Amino acid sequence: MVAMSDRGIGLLARIPPLPPFITPEELLADSLPLLDPPSRISVTDAAEQYLKVPVQGNWQDYDRTVAPYTVEPQDMSQSRRFKTICFVGPSQSGKSQMLLSVSTHAIMCAPSPVQIIHMTKTDADAWVEEKLDPALMNSRFLRDRLGTARDDSTFARKRFKGMRLTIGYPVPNQLSSRSQRMVLLTDYDHMPQKLGPKDSPEGSPHGMALQRIRTFMSRGCVFVESTPAFPVDPEQVWEFDKTAPHRLPPVTNGICKIYNEGTRGRWFWECPNCAELFEPRFDRLVYDETLEPGAAGATAKMQCPDCGHRISHREKARLNTLAALGRGGWLHEARPFDAEGNALVDERGHRLLVRIDDPRIRQTPVASFALNGAAAAFSGWDELVERYETARRAFEVSQDDSDFARVHYTDIGVPYARPDGDEQDLTATALRETAVELGAMTCPSWTRFITVSVDTNGSWFAVLITAWGLDGKRMALDRFDLVQPPETAPKARDAEGRFRAINPGKYVEDAEVLTDLMERSYAVEGEDWSLKPCVAVVDFNGPTGWSDNAEKFWRRRKREGKGALWFLSIGRGGFKLSDRVWHVSPERGSQGKKARSIKLLNMAVDRLKDTVLAAAARLDHGPGAYLFAASIEKERIEEMLAERRGVDGYSKRPGAGRNETLDLSVQAQAIAEHRGINRLNPDDPPGWAVLGEVNPFATWTGQAAPPPEASEDAAPQYINWLRR
């Protein structure tokens, strides 16, 4: 007989009893709220009643007076008249808060499926974790409606009593095969504008979202909000049209196109002095442009276009509140004619402006709103002017408009149009006519240092020698190709003594032909000095095998103690790169290989091309101009103009030939900026930019006695630079 231990019985006795079954009465009581008809209150009223928002670390009731311009757009999401609500505005203006307000109304007042689409999955998860979940946990009514099952609250879905809230990102399967009463698209201009395969795209996010709400007929709505991120289309001619006073300039893509298809609402204030209505825009801010950006911002005031009265920043919150009460607010464009055929225009001949509920409003399924950054609740005029002036002045110096465009998009909330520069009409003939006559192996009198640029090709090295002045002026001294390998290279000559073509991808020894470039000496015109190049930059990309050989070539220079004089460069395309030039080691290798341990000079080539071509267009030989020596052939100069600027970057012009001179000029600009050309103090330049004995790349060529050499006790002034 086997004795069984009853030791486990005590453990079983300690297990808590199962909860009782839910009775039908409890199920009915829990479900009764779902049978209620939709509450007839607005989105804003629902947000004030049910939603909590963070204010300086504390959770407080939603307050419509903080950003009163969001009231009408979010309330219109419940309108049966419009299928799309479009809001264009600057960053940090309360746009994303409207997503929570509209979702709160759907949860508490009109239970129905709602989908929110973010830019990427990462952004969607971050919004859920940082915005949505804290709001649900701190808003008692919303928390009580949230399901308690394990899968009721995830990053991709929130199940509430009677409705579901899904959070996704712009891919075709997220906007397909689902019925939603509302689809909310946030940061629309940062989404892919075409979804699906490149050869057969399925449509835009907005177009696909409209298909998801068709089942709900007039109750369905797509809510789109974003800062603009697409530039004004340079191919289209645009000017102010009094029959469409609120229309934004035509853009290549994005939310501004949706806005222009809609009612085109703008936010208006009532002038405290003359009581006329006007739109508070950035271009109506007046300030002292002669001051430094910070000081100029402190003087900024809004000027009424009718009476000239100037309004201080402290009045902005009050005027926004008064606008929401009817003394201003959103005004939309009316239709061209009334029922009797009369033109709907004001006393100035402009299209009549009406309220959103006026029957004369434009007949369109899109209710569109555009807010200028000057009226945004969380944007101070002093900071706005400071950022604008800082970016504008940097653009005037470098002709790189990336930061200037970003201010227009994110701070002001308008599409950006690049100013028409002289480079648009630049021709090779004009560059040839302004070329400078110089003797052989001579550089201009203003030259203080020389750079070498090398572009690697399959059977030649393209070379550019550039002279630089302290004011950013530069001149292309020599432009030639190296096509013959050095005598010491393998199989340099054939049986008949003829040199083979250079093959840098196969023979690392062929790159040794570049070493002589650093020994070229150029006499400074009118001076008793000559200069050698202080730095060389070589293209890291090239034919198959060249990247490995380029690394070997650079390491050989490093072993010789000249590693600080040679750089390997790699180009990065696009205008949205945060930096222009950065010298770092690759984070990862290509095709799964281990990353290289050498540093590469990364170049934002499209941004640098803006600077180079703008400098070439300055034909007056002033500071920052790009000149050519008269000895450079016309064909080489034509290579400067082989590309044209597009929305996403530069591309070859139809029928254009080689473009090496432009690429080499970009390399020269990049290495000069890395050396600090934009930070040089002309009164106290570093030793390598001085025409004197402290410059290790300068040689005395005068007939008189040379300048006195530094004493033996004095440390050389260039050693630290070489080590850097």
Side-chain angles (χ1 to χ4, degrees), residues 42-78 85-106 116-119 123 126-128 130-132 134-135 138-139 142 182 184-190 221 223-229 255 259 265-269 279-282 313 316-325 328-330 356 367-381 383-384 409-414:
S42 68
V43 170
T44 304
D45 291 337
E48 288 184 327
Q49 185 172 345
Y50 302 117
L51 182 62
K52 298 283 187 179
V53 296
V55 179
Q56 297 180 351
N58 298 319
W59 288 87
Q60 301 180 7
D61 292 334
Y62 175 87
D63 185 0
R64 72 175 70 198
T65 64
V66 174
Y69 45 78
T70 63
V71 173
E72 183 175 305
Q74 63 191 19
D75 286 351
M76 283 298 103
S77 65
Q78 306 306 310
I85 309 299
C86 169
F87 187 92
V88 184
S91 61
Q92 301 301 315
S93 59
K95 301 188 307 300
S96 60
Q97 181 61 44
M98 289 191 286
L99 304 179
L100 290 174
S101 300
V102 173
S103 300
T104 296
H105 185 274
I116 301 177
I117 301 295
H118 281 265
M119 298 177 288
D123 292 299
W127 182 78
V128 170
E130 299 170 5
K131 298 290 183 65
L132 181 59
N138 288 279
S139 303
L142 301 180
M182 295 194 68
L184 315 180
L185 304 172
T186 179
D187 286 318
Y188 184 79
D189 273 20
H190 297 92
C221 179
F223 193 100
V224 188
E225 65 85 8
S226 180
T227 57
I255 195 170
Y259 167 86
R266 297 287 185 92
W267 184 252
F268 279 74
W269 283 353
E279 183 187 1
R281 303 196 308 250
F282 178 82
H313 182 265
K316 181 172 74 170
R318 182 178 67 87
L319 292 175
N320 273 337
T321 302
L322 291 175
L325 298 176
W330 291 106
I356 191 71
S368 55
F369 306 81
L371 178 75
N372 194 275
F378 309 108
S379 176
W381 293 344
E383 296 178 352
L384 193 60
Y409 295 142
T410 62
D411 293 315
I412 305 177
V414 295

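Worth saying up front: this structure is predicted, and the values here are computed from it rather than measured. If you read the sequence from its start, that first residue is 1, and numbering goes on from there.
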Could you list the residues that satisfy side chain to side chain contact (heavy atoms under 4.5 Å, CB included) with Ala374, not counting sequence neighbours?
Met302, Asn372, Trp381

Under the side chain to side chain donor-acceptor pair (under 3.5 Å) test, residues paired with Ser96 that sit two or more places apart:
none

Would you please test Phe378 and Val66 for side-chain contact (heavy atoms from CB on, under 4.5 Å) and show each step?
CA-CA 9 Å; Phe378 309 108; Val66 174; 3.7 Å; yes

Please name all residues satisfying side chain to side chain contact (heavy atoms under 4.5 Å, CB included) with Pro54, sequence neighbours left out, ordered by chain then number.
Trp59

Which residue pairs pass the salt bridge (Lys or Arg N to Asp or Glu O under 4.0 Å) test with at least one member in residues 87-96, sequence neighbours excluded?
none

Can you sort out the partners of Phe268 under ring-ring contact (aromatic ring centres under 6.0 Å, His included), two or more places apart, ordered by chain and number?
His246

Would you mind telling me which of Tyr259, Phe223, Tyr69, Trp330 makes a ring-ring contact (aromatic ring centres under 6.0 Å, His included) with Phe369?
Trp330

Please name the pair of heavy atoms, one in Pro228 and one in Tyr409, separated by the smallest distance, quoted to 0.1 Å.
O-CB, 3.1 Å

Name of the residue among Leu184, Thr186, Ile85 meeting side-chain contact (heavy atoms from CB on, under 4.5 Å) with Glu225
Thr186

If the condition is side chain to side chain donor-acceptor pair (under 3.5 Å), which residues does Gln97 pass it with, not counting sequence neighbours?
none

Spatial distance of atom CG (Leu384) from atom NE2 (His313) [nearest 0.5 Å]
9.0 Å

What pairs with Gln60 under side chain to side chain contact (heavy atoms under 4.5 Å, CB included), at least two apart in sequence or on another chain?
Val55, Asn58

Nearest 0.5 Å, please: how far is CG in Asp187 from CD1 in Ile255?
9.0 Å

Gap between atom CD1 of Ile412 and atom OG of Ser91 - 0.5 Å precision:
11.0 Å

Do Asp123 side-chain atoms and Met119 backbone N/O form a donor-acceptor pair below 3.5 Å?
no

Do you know which two heavy atoms are closest between Ala229 and His190, and how far apart they sit?
CB-NE2, 4.1 Å

Evaluate the criterion side-chain contact (heavy atoms from CB on, under 4.5 Å) for residue pair Ser379 and Asp411; output intermediate values, then yes/no.
CA-CA 8 Å; Ser379 176; Asp411 293 315; 6.0 Å; no

Kindly determine whether Ser226 and Val88 satisfy side-chain contact (heavy atoms from CB on, under 4.5 Å), including the steps that lead there.
CA-CA 6 Å; Ser226 180; Val88 184; over 6 Å; no

Can you list the residues that meet the ring-ring contact (aromatic ring centres under 6.0 Å, His included) rule with His118, with sequence neighbours excluded?
Trp127

Considering non-hydrogen atoms only, spot the tightest contact between Ala376 and Pro90 and give its length.
CB-CG, 4.0 Å

Where the side chain of Thr227 meets the backbone of Thr410, is there a donor-acceptor pair that is under 3.5 Å apart?
no

Would you find a donor on one side and an acceptor on the other, under 3.5 Å apart, between the side chain of Ser139 and the backbone of Ala135?
yes

Among residues at least two apart in sequence or on other chains, which ones pass salt bridge (charged side-chain N to carboxylate O under 4.0 Å, His left out) with Arg266?
Glu279

What pairs with Asn320 under side chain to side chain donor-acceptor pair (under 3.5 Å), at least two apart in sequence or on another chain?
Trp267, Trp269

Test of understanding: with ring-ring contact (aromatic ring centres under 6.0 Å, His included), list the residues that count as partners of Phe282, not counting sequence neighbours.
Tyr388

Looking at side-chain heavy atoms only, is the closest gap between His105 and Met182 below 4.5 Å?
no

Leu185 side, atom CG; Ile116 side, atom CD1 - distance, nearest 0.5 Å
10.5 Å

Could you give all pairs that pass the side-chain hydrogen bond (donor to acceptor under 3.5 Å, both in side chains) test and reach residues 44-53, with sequence neighbours left out?
Ser42-Asp45, Thr44-Gln74, Thr44-Asp75, Asp45-Arg64, Glu48-Arg64, Lys52-Asp61

